[in-house]
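Take a look at the structure set out below.
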Amino acid sequence: VPVVSTPAGGLIDIIQEGKNGLLFEAGNIDQMAEKLDRIISDDTLRKDIGGESRMLAYTTFNINTINNQLGDLYEELSK
């Protein structure tokens with residue numbers, strides 16, 4: 001699912017504008033409407049952003065990847 005969001009919290013570290021999501025300034029309704037219009041009306045953009053988001057979910061946020069990273073962290077901290 002393509003993401004349209006504000007750059008709040010940790011999302012700014014995850015969402016890359018135009019690559020795996022679209023960002024708008026919090027409270028800026030006109031900008032939000034423009035981003036939603038873009039994602040709804042541009043099939044290619046919607047599919048590309050959705051694909052990039054899916055890839056991110058399957059790689060970076062995959063449970064096995066996260067478990068390996070946590071294991072490495074705990075191992076490093078226990079030294």
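These numbers come from a predicted model, not from an experiment. No hydrogens, no waters, no symmetry mates; every other heavy atom, side chains included, goes into these values.
A salt bridge does not link Glu25 to Lys35: none of the charged nitrogens lies less than 4.0 Å from a carboxylate oxygen.
Of all non-hydrogen atoms in Arg46 and Ile40, the two that sit nearest each other are NH1-O, 2.7 Å.
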Practice item. Give the C-alpha distance, both sets of side-chain angles, the deciding distance and a yes or no for side-chain contact (heavy atoms from CB on, under 4.5 Å) between Phe61 and Ile14. Key: CA-CA 10 Å; Phe61 296 105; Ile14 299 167; 3.8 Å; yes

Practice item. Evaluate the criterion side-chain contact (heavy atoms from CB on, under 4.5 Å) for residue pair Ile15 and Val3; output intermediate values, then yes/no. Key: CA-CA 8 Å; Ile15 299 174; Val3 174; 3.7 Å; yes

**Study point:** Ile49 and Lys19: CA distance, side-chain angles, deciding distance, side-chain contact (heavy atoms from CB on, under 4.5 Å) verdict
**Key:** CA-CA 6 Å; Ile49 286 177; Lys19 181 175 181 183; over 6 Å; no

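To the nearest 0.5 angstrom, Asp72 atom CG is 11.0 Å from Leu77 atom CG. Distance check, rounded to the nearest 0.5 Å: CG of Asn64 to CD of Gln69 gives 11.0 Å. Here the CD atom belonging to Gln16 is positioned 8.0 Å from the CG atom belonging to Leu56, to the nearest 0.5 angstrom. Distance check: Glu17 CD to Ser5 OG gives 10.5 Å after rounding to the nearest 0.5 Å. In this structure, Leu36 CG and Gln31 CD are separated by 11.0 Å, a value rounded to the nearest 0.5 Å. Interatomic distance, Glu34 CD to Ile29 CD1, rounded to the nearest 0.5 Å: 14.5 Å.
In this structure, Thr65 contributes its side chain and Thr59 its backbone to a donor-acceptor pair below 3.5 Å. Counting only distance, with no hydrogens or angles, the side chain of Ser53 and the backbone of Pro2 share no donor-acceptor pair below 3.5 Å. Distance alone, capped at 3.5 Å, places no donor-acceptor pair between the Asp42 side chain and the Arg38 backbone.
In this structure Leu70 satisfies the side-chain contact (heavy atoms from CB on, under 4.5 Å) test together with Ile66, Tyr74, sequence neighbours excluded.
In this structure, Thr6 and Leu23 have side chains that are not in contact, with every pair of non-hydrogen atoms separated by 4.5 Å or more.
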